[in-house]
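Letters A, B, ... are given to chains in the order of the sequence lines, protein chains preceding strands, and every chain is numbered from 1.
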Number of protein chains: 2
Amino acid sequence: MNEQVPLSPVDPWMLKNLREHVHGLVRKAIISGRLKAGEKLNERRLATELGISTTPLKEALRQLEAEGLVRTEARRGSYVTFNARQAEEMTLARAALESMIARQAAKHIEKSHVLRLSETLEQMKSALLVADLNELIALNEKFHDAIHEASGCQYLRRLQSNQRMYNHETRLLVLAEAHERERSFREHTAIFEAINLRDQDLAEKRMREHVMTAGEEHVRRVFGSQALGD
Amino acid sequence: MNEQVPLSPVDPWMLKNLREHVHGLVRKAIISGRLKAGEKLNERRLATELGISTTPLKEALRQLEAEGLVRTEARRGSYVTFNARQAEEMTLARAALESMIARQAAKHIEKSHVLRLSETLEQMKSALLVADLNELIALNEKFHDAIHEASGCQYLRRLQSNQRMYNHETRLLVLAEAHERERSFREHTAIFEAINLRDQDLAEKRMREHVMTAGEEHVRRVFGSQALGD
DNA sequence: ATTTGGTTCTTGATATATCAGATTTCAGAT
DNA sequence: ATCTGAAATCTGATATATCAAGAACCAAAT
């Protein structure tokens with residue numbers, strides 16, 4: 001009884017409830033800089049603007065608060081806390097977590113994961129030749145995902161994903177430069193080698209430096225001169 | 001017009017709102033193992049038991065969800081997800097973050113922080129001699145706090161505090177053994193030395209190993225044989 | 001015995017009303 | 001002009017009612 005008519009996927013909006021939808025919306029606004037540090041988020045006003053009640057909005061704000069992007073003072077208001085400094089620290093957090101994941105991957109990796117990683121690197125080499133930026137972004141994701149899989153660390157993976165502050169646009173901007181693409185590929189290759197050698201210290205070190213250079217480059221582009229040196 | 005009558009501190013309960021109060025309550029229940037993995041948290045029932053409405057409870061659950069201790073499925077229920085494996089990964093996360101903080105501390109530390117750290121180590125030495133366990137626990141906190149201050153990383157600090165799964169009782173249990181107290185002191189001293197030498201790599205390495213051994217010991221005691229080897 | 005389809009019940013999602021703390025405003029006293 | 005404090009206002013906190021999706025159950029059909 002297999003129906004031959006392919007069903008079109010449902011509207012992504014429907015996949016989430018209001019809370020998740022709003023959470024993603026506000027998070028993106030904060031990360032992208034549209035909502036700046038110190039800006040006030042009035043529960044009633046925001047809920048009205050979004051055409052929803054305050055209940056799901058409050059829950060979304062609690063999530064953002066738990067993520068450290070917003071601070072709420074009782075009966076005073078919610079304020080955006082994300083700024084250039086925090087963006088830098090989020091890069092440090094990403095570096096710390098991702099490098100720990102790489103360490104675990106080097107410890108636990110199996111043949112199937114090695115295959116998937118080397119296969120992804122081959123695809124990257126191809127995409128690099130024709131400078132297919134969108135494909136490179138997707139492959140980058142695939143590469144890091146494969147390492148996450150190899151590490152067997154679900155919780156760390158989740159924690160690390162909370163530190164993401166990239167969006168597709170700024171990503172494209174960075175990879176538009178040839179030397180950035182080449183550096184990225186070189187680093188990915190080196191990380192793979194370290195993991196494949198089961199060298200935990202080396203894998204951790206290379207992953208940390210990879211995340212740090214990429215993260216610093218990103219912060220520079222988004223926050224510009226606001227970014228304090230560290 | 002300074003009033004001489006010392007005011008007694010207000011009931012800690014009053015310092016928090018219901019949401020924060022409930023959040024801490026449920027978190028502690030989960031971390032301590034009183035609420036086990038897979039257990040269902042019925043919003044209405046729990047709210048009634050606590051004598052509150054569902055609104056603040058829902059917000060508390062959203063926070064716990066953001067922390068990865070609970071998973072909520074729409075119109076199906078909220079479930080505890082914290083288990084032995086996650087406890088192990090939280091130790092890894094603590095190790096990753098705390099060692100990154102130690103690295104930053106080694107990079108940025110100033111004289112005043114060095115003084116505070118060496119002073120704390122002296123106090124630890126004294127408390128170690130008389131085996132004052134409660135004092136040792138407090139000093140441990142003070143030592144790590146001082147490193148956090150020295151690092152200048154507020155966001156990392158916050159993130160790291162979310163990985164805490166200790167409570168005073170199990171802490172006492174561990175420190176009840178003399179060799180654990182001595183090992184702890186030895187490691188703290190070594191960490192201080194590395195930071196004072198501004199050796200980032202060494203500080204990171206020593207802090208990671210310190211957190212890992214302490215964390216593994218803790219997980220062993222709380223989860224016992226459930227803890228899978230890694 | 002298995003399947004189908006509807007009814008009922010449970011439960012989180014959402015909307016709305018009310019409560020109470022914090023800020024602001026402004027008249028009245030000094 | 002400045003200070004005081006009470007009233008008006010704003011705002012998050014909390015309580016309650018309602019909605020709708022999913023699960024459980026049961027009876028009728030096969």
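Between the C1' atom of D:dG12 and the CG atom of A:Leu57 lies a distance of 11 Å, rounded to the nearest Å. The CG-P distance, from A:Asn42 to C:dA22, rounds to 17 Å in whole Å. For the pair B:Arg76 CZ and D:dA24 C1', the interatomic distance rounds to 12 Å; values are reported in whole Å. Rounded to an integer number of Å, the gap from NE2 of A:His21 to C1' of C:dA13 is 15 Å. Rounded to whole Å, the distance from CD on B:Glu43 to P on C:dT11 is 11 Å. Distance B:Arg19 CZ to C:dC19 P: 21 Å, rounded to the nearest Å. Atom CD in A:Glu73 sits roughly 22 Å away from atom P in C:dA20 (whole-Å rounding). Counting to the nearest Å, the C1' atom of C:dT11 and the CG atom of A:Asn17 are 14 Å from each other.
Two residues are said to be in side-chain contact when any heavy atoms from C-beta on lie closer than 4.5 Å; A:Ile137 and A:Leu175 meet this criterion. Put simply, the side chain of A:Ile31 does not reach to within 4.5 Å of the side chain of A:Tyr166, judged on heavy atoms.
Between the base of C:dG12 and the side chain of B:Arg44 there is a donor-acceptor pair shorter than 3.5 Å. Not a single donor-acceptor pair, N or O on each side, falls under 3.5 Å between the base of C:dA13 and the side chain of A:Thr55.
Within the nucleic acid shown, B:Leu41 comes within 4.0 Å of sugar-phosphate atoms alone, with no base atom in reach, counting heavy atoms only. Using a 4.0 Å heavy-atom criterion, one finds that B:Leu46 contacts no nucleic acid atom at all. A:Thr54 comes within 4.0 angstrom of a nucleotide base, judged by non-hydrogen atoms across all strands.
Residue A:Glu59 is the one, among A:Arg75 and A:Glu59, whose nearest nucleotide of DNA chain C lies closer to the 5' end (criterion: closest heavy atom).
Taking the side chain of A:Ile52 as heavy atoms from C-beta on, and the options C:dA13, C:dA15, C:dT11, the nearest nucleotide is C:dA15. Between D:dG12, C:dG12, C:dA15, one nucleotide has an atom nearer to the side chain of A:Leu18 than all others, and that is C:dA15.
For B:Lys58, no side-chain nitrogen or oxygen approaches OP1 or OP2 of C:dG12 to under 4.0 Å. Listed pair A:Ser53 / C:dA15 meets the phosphate criterion, a side-chain N or O lying under 4.0 Å from OP1 or OP2.
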For this session: Take B:His23 and B:Glu67, measure what side chain to side chain donor-acceptor pair (under 3.5 Å) needs, and give me the verdict at the end.
Result: CA-CA 11 Å; B:His23 169 259; B:Glu67 292 171 37; 2.5 Å; yes

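Side chain of B:Thr81 to backbone of B:Gly68: a donor-acceptor contact under 3.5 angstrom is found.
For the residue pair A:Tyr155 / B:Gln163, a side-chain donor-acceptor distance below 3.5 Å is found, with atom types taken as modelled.
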